[in-house]
Amino acid sequence: MATGFEMDTAFFAAWIEESARSVAAGKERLTDLDAAIGDADHGSNLDRGFTAVVRALAVKEPDTPAALLTVVGTTLIRKVGGASGPLYGTAFREMGRALGDLGDTAEVSPGELCAALEAGLAGVRRLGSAAEGDKTMVDALAPAVRALRRALEEGSEPREAAAAAAAAAREGAEATIPMRARRGRASYLGERSVGHEDPGAASTALILTALHTVAAR
Amino acid sequence: MATGFEMDTAFFAAWIEESARSVAAGKERLTDLDAAIGDADHGSNLDRGFTAVVRALAVKEPDTPAALLTVVGTTLIRKVGGASGPLYGTAFREMGRALGDLGDTAEVSPGELCAALEAGLAGVRRLGSAAEGDKTMVDALAPAVRALRRALEEGSEPREAAAAAAAAAREGAEATIPMRARRGRASYLGERSVGHEDPGAASTALILTALHTVAAR
Amino acid sequence: MKKLINGVESVVPDALRGIAAAHPGLRVDVENQIVFRDSGPRPGKVGLVSGGGSGHEPLHAGFVGYGMLDAACPGEIFTSPVPDQMIEATTAVDGGAGVLHIVKNYTGDVLNFQLAAELSAEEGVEVASVLVDDDVAVRDSLHTAGRRGTGATVFVEKIAGAAAESGAPLAEVARVAGTVNARSRSFGVALSACTTPAAGRPTFALGDTEVELGIGIHGEPGRARSAMRPAAELVRVAMDALHEDLPLSGDVLVMVNGMGATPLIELYVAFAEVSAYLAEKGVTAARSLVGDYVTSLDMQGFSITVCLLDDELVRLWDAPVETPALRWGR
Amino acid sequence: MKKLINGVESVVPDALRGIAAAHPGLRVDVENQIVFRDSGPRPGKVGLVSGGGSGHEPLHAGFVGYGMLDAACPGEIFTSPVPDQMIEATTAVDGGAGVLHIVKNYTGDVLNFQLAAELSAEEGVEVASVLVDDDVAVRDSLHTAGRRGTGATVFVEKIAGAAAESGAPLAEVARVAGTVNARSRSFGVALSACTTPAAGRPTFALGDTEVELGIGIHGEPGRARSAMRPAAELVRVAMDALHEDLPLSGDVLVMVNGMGATPLIELYVAFAEVSAYLAEKGVTAARSLVGDYVTSLDMQGFSITVCLLDDELVRLWDAPVETPALRWGR
Ligand SMILES: Nc1ncnc2c1ncn2[C@@H]1O[C@H](COP(=O)(O)OP(=O)(O)O)[C@@H](O)[C@H]1O
Ligand SMILES: Nc1ncnc2c1ncn2[C@@H]1O[C@H](COP(=O)(O)OP(=O)(O)O)[C@@H](O)[C@H]1O
Ligand SMILES: [Mg+2]
Ligand SMILES: [Mg+2]
Ligand SMILES: [Mg+2]
Ligand SMILES: [Mg+2]
């Protein structure tokens, strides 16, 4: 994602498809994580959402990354429900909006992608009022976005930067295990939420890992 | 139960107490038998009934065998419910009535006891319309009464005759295993009632065995 | 076994205290185990008394009230009540026009109600009885105990109750009750057995992919064990059995009844299939009930009851009723 | 897992077809997953819309009808509905007097209803919201998601529905809804976990002698695991928790609610204990509900909800209601 590495609409479509694939493959695990500290639906929620997203994109692929991400976000909001639907939906819609504000071109630079992810994170934070440490998807998304920014600032290659972001997301997800939940359904468990990975953080790690997979092709 | 062996009210009270003891001890087994082809309540039904009977007799022991058996029957009808309540209740009431018709003395001869049991059996048959082979308590009671009659006619000692009746009741109960039920709740199972001992026949065997136990004292 | 009870022996009286506390329109004699309408007998109105083993709630106590039963006699769990209860209830609800006993066809219920009817008659109450025997899973013949009484009991109690409320004489109330029974059929399917407090464990064991077809309401196993199938197919098995026994036509009253541990959402899934089945046959579900009405403790499963309607039955079904479990028009 | 369903994916639409077939007074949009009163919006009447994950039946669809909700939006099992459903419902039921959203306090429900309210307002509908958060098992603080909404939802929907039916303006309906919530508290106990169709196995494992105290309605484990105890003691744990949070006094409305697989006879056993507890405290259970109202699929257990009544609330509670699951006075 250094200069010279530009991401077109097809790249974003591939990211979303790869995310859909890995959510489908990880559906059971996500649901199991949610069964432990939530209501056992995170896997099916996201799978239903990404299946709908892939179908929507198949019908008519938008012609800019900004438009594509907006469709992704809107579809997630319309199809997922639960806490994760509006949150992920907002994240993608905010990414789309950020790219649109940056000029809505057919090609996005690594820096622009990073700015878009920062906008997505800000959207999630605003809507869900979760801080880092609250044991939510924010605990995977925030360090991922930070890692991406740092790698780019340090002049890393795009796929290296994506790898750093994905690794940070996975570590962030794992780091939720000892946390006590303060937002979302897991917060009802109080102390008993400790010792389990947050399902939304785990799915965020899948989505960031998908980004790296596609960037590394 | 040959001549010279007379049964007084205390004998009948002892029989009922022994029956109550062995129903209490066999409660779980009776309920398990009923679970297989009925509704899993025969043990608790009879135990509830005999417990009430023992209590009723403790309050005021009737002074003739006829009166005692009538109290037993009435109490069973009032406390047991289900199919076995009216049937056993009627059996004991008919026994009491038969002894009363024979003179309602304080001592009952083996022949009179046998006639009373025949009257009890007739009462069960009339009320329940079950024939032998229908897989009910009749399949234990009828052969027991026949065995008692035969033994007395052959001049057996009373306790031998009681032993024969008890053995016939137990054999009769076992013989219900291959039968297909045609009366009572087990009849709903059709073919699937085959292979299980009838709970009412099993409890009849307990009661007849109690008679032998007491006669053999 | 985990149950929300205080002890195996006290379930029925404890529940009766709860019923008394929850329903000011009822008067509960906890000691004698009888649930009455609080209003007492209405002179000239036929009294309706039913009863049966406990564990089938809301049947029967939940159907005591205006337009339905005058009294219910709950027995021990799955055990028919005893004649004393029935005699007491019968004499108490007689308003001079006689009393109808609504009896589900089980040997125990029949024998105990029979004794009670005889003794009540001796006390000067005119008693008629209707026997409910709607369960097509049981083959009926002279040489057996006959079919069981299950779901149709609710229809008989509601419709006979409306007839009695309207002032019909005993013979007429008994006739309409008999008509409802004659025009009704039921079939039940279990996905799991139930556990009676006394037994402490399930009355039968069902595998993870098995169901029992043709179950009754006392945790008895059914006539046959079969492979678990989608709701649509299980409903078809039940509906075919009903239709074969009593060809369905015209307008029907249908109940999709939960056995006690079946989520309502699943009963609605089943009702959708029932309704599709009827439509296929050109039959109209003119009236319906979906929910837990005749249960079997914590059994998972359902039963379907269908009654062929005519104008009289529709009118009586629609008449006002005000009981804990069935209420409309008031 | 054995469930009376056709497939994991089709449970909600299948059940909606069943609801449509069973209740002629409702209009069901199966495709968009909305249940409406068949009568449509009444000009000048405030519209009431609620919704939430499925698996809690009869909540919410069973409370659509005269004197209660105008529309319900069922989501997937245990998953809040999506804004599209809510927007469609909101615009459809608006009779010009605005619409009240009744929202149970779960992050998902709150976020989706919030988006829906914003978008509905853009379409010109005046929308107010009431958040139901009655579950005392959850410690409330600024730094958490706050208490869950559970049983009090039934009270809020009934009482706000009566206010709306009487012609009260939106602000007034919202006020009374908020009052009911503020005066209500709930506590739940599970004897077993539930199994969602998607997960296919129980959401938690409880031993043979264990219960979960302080459970919600989504199969989440509670705050603490504890030893199984007699009904009287479990009820006392729940009532103490309610009383500690909101001292009970005067006349109260009480609901003893089954979680889906609890036999009604056991709920009555529990209600007897609730009533005894209240009597001990000098509190009167002036109104009550005993049964399955807010369920959690096939969970075995119960919840208790208490609302401190005043004259206004009693009057609105007693007002006529005619829905599948709650019906009186009509
Ligand atoms: N307020 C919040 N802010 C950020 N993320 C949240 C918040 N609440 C919940 N989440 C995320 O949503 C996930 C749960 O999503 P999901 O199971 O689909 O929805 P629900 O909790 O409604 O069942 C949690 O694991 C958590 O990561
Ligand atoms: N018609 C009948 N005639 C004789 N005995 C019968 C008849 N029906 C049932 N029984 C006996 O009653 C027993 C069942 O008694 P019980 O379980 O106490 O009553 P219920 O069947 O009402 O639950 C059966 O095992 C059978 O022996
Ligand atoms: Mg979840
Ligand atoms: Mg039995
Ligand atoms: Mg029985
Ligand atoms: Mg959810």
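Keep in mind that the numbers below use all heavy atoms, side chains included, and drop hydrogens, waters and symmetry copies.
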Item to check | Nearest atoms (heavy-atom pairs only) where A/D41 meets D/F78 | outcome: OD2-O, 3.0 Å
Checklist entry - Does atom CZ of A/R125 have more than 12 heavy-atom neighbours, drawn from other residues, nucleotides or ligands, at distances under 6.0 Å? => result yes
Next on the checklist: Test side chain to side chain contact (heavy atoms under 4.5 Å, CB included) on A/L127 and D/Q114; report intermediate values, then the result.
Outcome noted: CA-CA 10 Å; A/L127 193 61; D/Q114 189 177 309; 3.9 Å; yes
Checklist entry - Would you say A/R149 has more than 12 foreign heavy atoms packed within less than 6.0 Å of its CZ? => result yes
Item to check | D/Y106 backbone acceptor or donor facing A/R185 side chain under 3.5 Å | outcome: no
Checklist entry - Non-hydrogen atoms of chain D under 4.5 Å away: do they reach the side chain of A/A131, the backbone, both or neither? => result neither
Next on the checklist: At a 4.5 Å cut-off on heavy atoms, which part of A/R192 comes close to chain D: side chain, backbone, both, or neither?
Outcome noted: side chain
Item to check | Options D/Q85, D/R148, D/R147, D/E76, ranked by heavy-atom pairs under 4.5 Å with chain A, top entry | outcome: D/R148
Checklist entry - Judged by atom type as modelled, is there a donor-acceptor pair below 3.5 Å linking the side chain of A/D39 to the main-chain atoms of D/G219? => result no
Checklist outcome for this item: Closest non-hydrogen atoms of A/Y188 and D/E220, given as atom of the first, atom of the second and distance, are CD1-OE2, 4.0 Å
Checklist outcome for this item: Pair count under 4.5 Å, heavy atoms only, with chain D: among A/H42, A/E28, A/K27, A/R48, highest is A/R48
Checklist outcome for this item: The reported gap from CZ in D/R201 to CG in A/D32 (rounded to nearest 0.5 angstrom) is 4.5 Å
Item to check | Heavy-atom proximity to chain A below 4.5 Å, by part of D/A224 | outcome: backbone
Checklist entry - For D/E212, is it the side chain, the backbone, both or neither that has a heavy atom under 4.5 Å from a heavy atom of chain A? => result side chain
Checklist entry - Heavy-atom count around D/E244 CD within 6.0 Å, excluding the residue itself: above 12? => result no
Item to check | Nearest heavy atoms of A/G81 and D/T79, plus distance in Å | outcome: C-CG2, 3.8 Å
Next on the checklist: Is it the case that atom CD in A/E132 sees more than 12 heavy atoms from other parts of the structure closer than 6.0 Å?
Outcome noted: yes
Next on the checklist: Under the rule for salt bridge (charged side-chain N to carboxylate O under 4.0 Å, His left out), what residues qualify as partners of D/D298, not counting sequence neighbours?
Outcome noted: D/K3
Next on the checklist: For the interface with chain D, which of A/S84, A/A35, A/G190, A/P86 has the highest count of heavy-atom pairs at distances below 4.5 Å?
Outcome noted: A/P86
Next on the checklist: Applying side chain to side chain contact (heavy atoms under 4.5 Å, CB included) to A/L87 and D/L111, what does each step give before you reach the verdict?
Outcome noted: CA-CA 8 Å; A/L87 290 166; D/L111 296 182; 3.8 Å; yes
Checklist entry - Checking D/N112 against chain A: side chain, backbone, both or neither under 4.5 Å from a heavy atom? => result both
Item to check | Pick from A/I37, A/D34, A/T31, A/N45 with the largest number of heavy-atom pairs that fall under 4.5 Å of chain D | outcome: A/N45
Item to check | D/E9 atom CD, neighbour heavy-atom count above 12 within 6.0 Å | outcome: no
Item to check | Worked verdict on D/L115 versus A/I77 for side chain to side chain contact (heavy atoms under 4.5 Å, CB included) | outcome: CA-CA 9 Å; D/L115 291 174; A/I77 289 176; 3.9 Å; yes
